[in-house]
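Quick note on labels: first sequence line is chain A, next is B, and so on, each numbered from 1. Just so it is clear, the structure is predicted and the values come from calculations on it, not from any experiment.
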2 protein chains.
Amino acid sequence: MSHPNITIMLVDDHPLLRKGVVQLIELEDNLQVVAEASNGEEAIQKALEFNPDLILLDLNMKGLNGVETLKSIKQSGAQSRIIMFTVSDSEADVLQALKAGVDGYILKDSEPEELIEHINNAMRGDLVISAPLTQVLAKSLRPKVESDSILDKLTNREQQILRYISQGDSNKIIARKLDIAESTVKVHVKNLLKKINLRSRIEAALFVVENKLF
Amino acid sequence: MSHPNITIMLVDDHPLLRKGVVQLIELEDNLQVVAEASNGEEAIQKALEFNPDLILLDLNMKGLNGVETLKSIKQSGAQSRIIMFTVSDSEADVLQALKAGVDGYILKDSEPEELIEHINNAMRGDLVISAPLTQVLAKSLRPKVESDSILDKLTNREQQILRYISQGDSNKIIARKLDIAESTVKVHVKNLLKKINLRSRIEAALFVVENKLF
DNA sequence: ACAAATCTACCACCTTAGTGGTAGATTATT
DNA sequence: AATAATCTACCACTAAGGTGGTAGATTTGT
């Protein structure tokens, strides 16, 4: 099954944990730990030296943290797939890692079989994520509840115009689309900015997308 | 354990499936199906009539689809928690439902015990999502690969300024932050807009957040 | 050491955005 | 029927954004 002989580098500042994972991995015929590192700098250097197929990277390390290390390794041109292997299920950590382009995010409290399965899936090209993170991810995609009330403050016309602003339209273009005068558009923009207490249409546009208002 | 006596409405256009789910649910002491509907319109009406604690809503129905029905029920002021119960694991469907504010998204091929557990968790206030959707959600949070190459076209300074633009800063403020003249900032803005072929800083800001560039 | 790219700065000019005010027409609300 | 809110429109003015050009200083690559 799965990939023939996958080479792996382990990055974690706890020797005991590395030992455990190595033992687990070496039980699999097709998996082989070819390098270990105990911090980010070492990881970056060894990634180039050993060019492993896959890197299991701890998130919380002294010195360079996981995300910084990840970015460096990616930038260095190494072809390794990189998986975060960490205890943190905090939204910020998960999102940061995803945005930095990890190929997987696995929690350390996963079952051993799960870890092995995830490794194999990652080498198949999947983006692997520990199942318990589903909630975390879903939440970050949801609109904030509070922001609804802000929309309520705006009249229909203002909401409509805010929608166009958040698409990057200029006042002139909005006027054309709504078939009203540009001066009228300006009035609405002025009023809606005041209502939601923002200083410019850019802030308004960013506000819309960040809060997923529409 | 968990909630005492949860009232549930089932919405699905397949009578057989409803039958099966009803039987499953009625096995639980604290769960009770108080209403069924076979389409969106009926669901909206009965949501108000029976005011169930929880609504299991099919996504693909004739007439009003699940998301539209969801929005209507929410707007009508019903207090019910609403869970999508569907076969679709497509990214578009999941995201649409989340943005519309569902309280859960459960796949129909879940194990019966899972469904029961999800229902109870949802009533505790959790956002419940079937585990197999983790990948789907994670992917939608990732930056698009192609957009990296666009960043490569920009010089360091231009990237830096684009970052500020995407935070809503004006040229004047950017100049202050970088301790350079506003006229210089304008030069960089002019050049970066030309390079990524956009017409205004708003489009640039939106481009950044939509592609999760930083 | 030289060329190319980048960063800096200024200028003039035009466009777009935002503010303050007035004011008529339409739509809800009471 | 009367009031309030909203939508429409215009004006004048200030601020901010964007374009085109020139040009010196610095960094990078060869």
Side-chain angles (χ1 to χ4, degrees), chain A residues 48 72 75-77 147-210 213-214, chain B residues 75-77 148-211 213-214:
Chain A
L48 284 174
S72 287
Q75 272 190 329
S76 77
S147 47
D148 281 1
S149 51
I150 287 161
L151 265 194
D152 289 345
K153 290 189 202 166
L154 303 182
T155 67
N156 288 336
R157 204 48 150 181
E158 286 162 354
Q159 289 187 27
Q160 202 174 9
I161 285 176
L162 178 57
R163 210 177 275 119
Y164 283 124
I165 288 177
S166 74
Q167 286 161 21
D169 291 348
S170 68
N171 289 337
K172 192 180 290 183
I173 289 174
I174 296 173
R176 225 173 275 147
K177 287 184 176 176
L178 294 178
D179 196 30
I180 57 179
E182 187 184 346
S183 56
T184 307
V185 177
K186 281 186 169 191
V187 174
H188 291 308
V189 172
K190 174 174 40 171
N191 292 337
L192 74 86
L193 285 181
K194 187 164 284 178
K195 282 185 184 174
I196 57 185
N197 199 29
L198 295 175
R199 278 166 300 292
S200 71
R201 65 200 296 109
I202 298 202
E203 290 189 357
L206 294 170
F207 177 79
V208 167
V209 295
E210 258 148 40
L213 281 194
F214 296 114
Chain B
Q75 272 189 330
S76 77
D148 281 1
S149 52
I150 287 161
L151 266 194
D152 289 346
K153 290 189 200 165
L154 303 182
T155 67
N156 288 337
R157 204 48 150 180
E158 287 162 353
Q159 289 186 28
Q160 203 174 7
I161 285 176
L162 179 56
R163 212 177 274 119
Y164 284 124
I165 288 178
S166 73
Q167 286 160 21
D169 290 347
S170 68
N171 289 337
K172 192 180 292 184
I173 290 175
I174 296 173
R176 225 173 274 149
K177 287 184 176 176
L178 294 178
D179 197 31
I180 57 179
E182 187 184 344
S183 57
T184 307
V185 177
K186 281 187 168 190
V187 174
H188 291 307
V189 172
K190 173 174 43 172
N191 292 336
L192 75 85
L193 285 180
K194 186 165 283 177
K195 281 184 185 175
I196 56 185
N197 199 29
L198 296 175
R199 278 166 299 292
S200 71
R201 65 201 295 106
I202 298 204
E203 290 190 357
L206 293 169
F207 178 79
V208 167
V209 295
E210 256 147 41
N211 294 287
L213 280 194
F214 295 112

(request) Return no unless some side-chain N or O of B:K172 is found under 4.0 Å from OP1 or OP2 of D:dA16. (result) yes

(message) Under 4.0 Å from OP1 or OP2 of D:dA9: is there any side-chain N or O of A:S183 that close?
(response) no

[X] [atom1] - [N] [atom2] separation (whole Å):
{"X": "A:I161", "N": "C:dT16", "atom1": "CD1", "atom2": "C1'", "answer": "16 Å"}
{"X": "B:R157", "N": "C:dA9", "atom1": "CZ", "atom2": "P", "answer": "9 Å"}
{"X": "A:E158", "N": "D:dT6", "atom1": "CD", "atom2": "P", "answer": "7 Å"}
{"X": "A:L178", "N": "D:dC7", "atom1": "CG", "atom2": "P", "answer": "11 Å"}
{"X": "B:N156", "N": "C:dT8", "atom1": "CG", "atom2": "C1'", "answer": "15 Å"}
{"X": "A:I180", "N": "C:dT26", "atom1": "CD1", "atom2": "P", "answer": "16 Å"}

(request) Go through C:dA17, D:dA16, C:dC7 for me and flag the one nearest to the A:N171 side chain. (result) C:dA17

(request) Would you indicate which nucleotide in C:dT8, C:dT6, D:dC7 comes nearest to any side-chain atom of B:T155? (result) C:dT6

(request) Residues of residues 185-206 of chain B with any non-hydrogen atom less than 4.0 angstrom from an atom of DNA chain C: list those, numerically ordered, please. (result) B:V187, B:H188

(request) Hey, which sits more toward the 5' end of DNA chain C by its nearest nucleotide, B:A181 or A:I165? (result)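 The residue closer to the strand's 5' end, by nearest nucleotide, is B:A181.
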
So how far is it from [X] [atom1] to [Y] [atom2], rounded to the nearest 0.5 Å?
{"X": "A:T155", "Y": "A:L192", "atom1": "OG1", "atom2": "CG", "answer": "8.5 Å"}
{"X": "A:L193", "Y": "A:R199", "atom1": "CG", "atom2": "CZ", "answer": "10.0 Å"}
{"X": "A:K195", "Y": "A:H188", "atom1": "NZ", "atom2": "NE2", "answer": "10.0 Å"}
{"X": "A:T184", "Y": "A:R157", "atom1": "OG1", "atom2": "CZ", "answer": "9.0 Å"}

(message) For a quick check of understanding: with a heavy-atom distance under 4.0 Å over all strands, which category does A:S170 fall into, base, sugar-phosphate or nothing?
(response) sugar-phosphate

(message) Applying a 4.0 Å non-hydrogen cut-off, can you work out what A:T184 is touching in the nucleic acid: base, sugar-phosphate, or nothing?
(response) base

(request) Return yes if some donor-acceptor pair links the side-chain N/O of B:E210 with the main-chain N/O of B:F207 below 3.5 Å, else return no. (result) no

(message) Would the distance check show the side chain of B:E158 and the main-chain N or O of B:V189 forming a donor-acceptor pair, the cut-off being under 3.5 Å?
(response) no

(message) Looking only at side-chain N and O atoms, does A:R163 offer a donor or acceptor that is under 3.5 Å from a partner on A:Q160?
(response) no

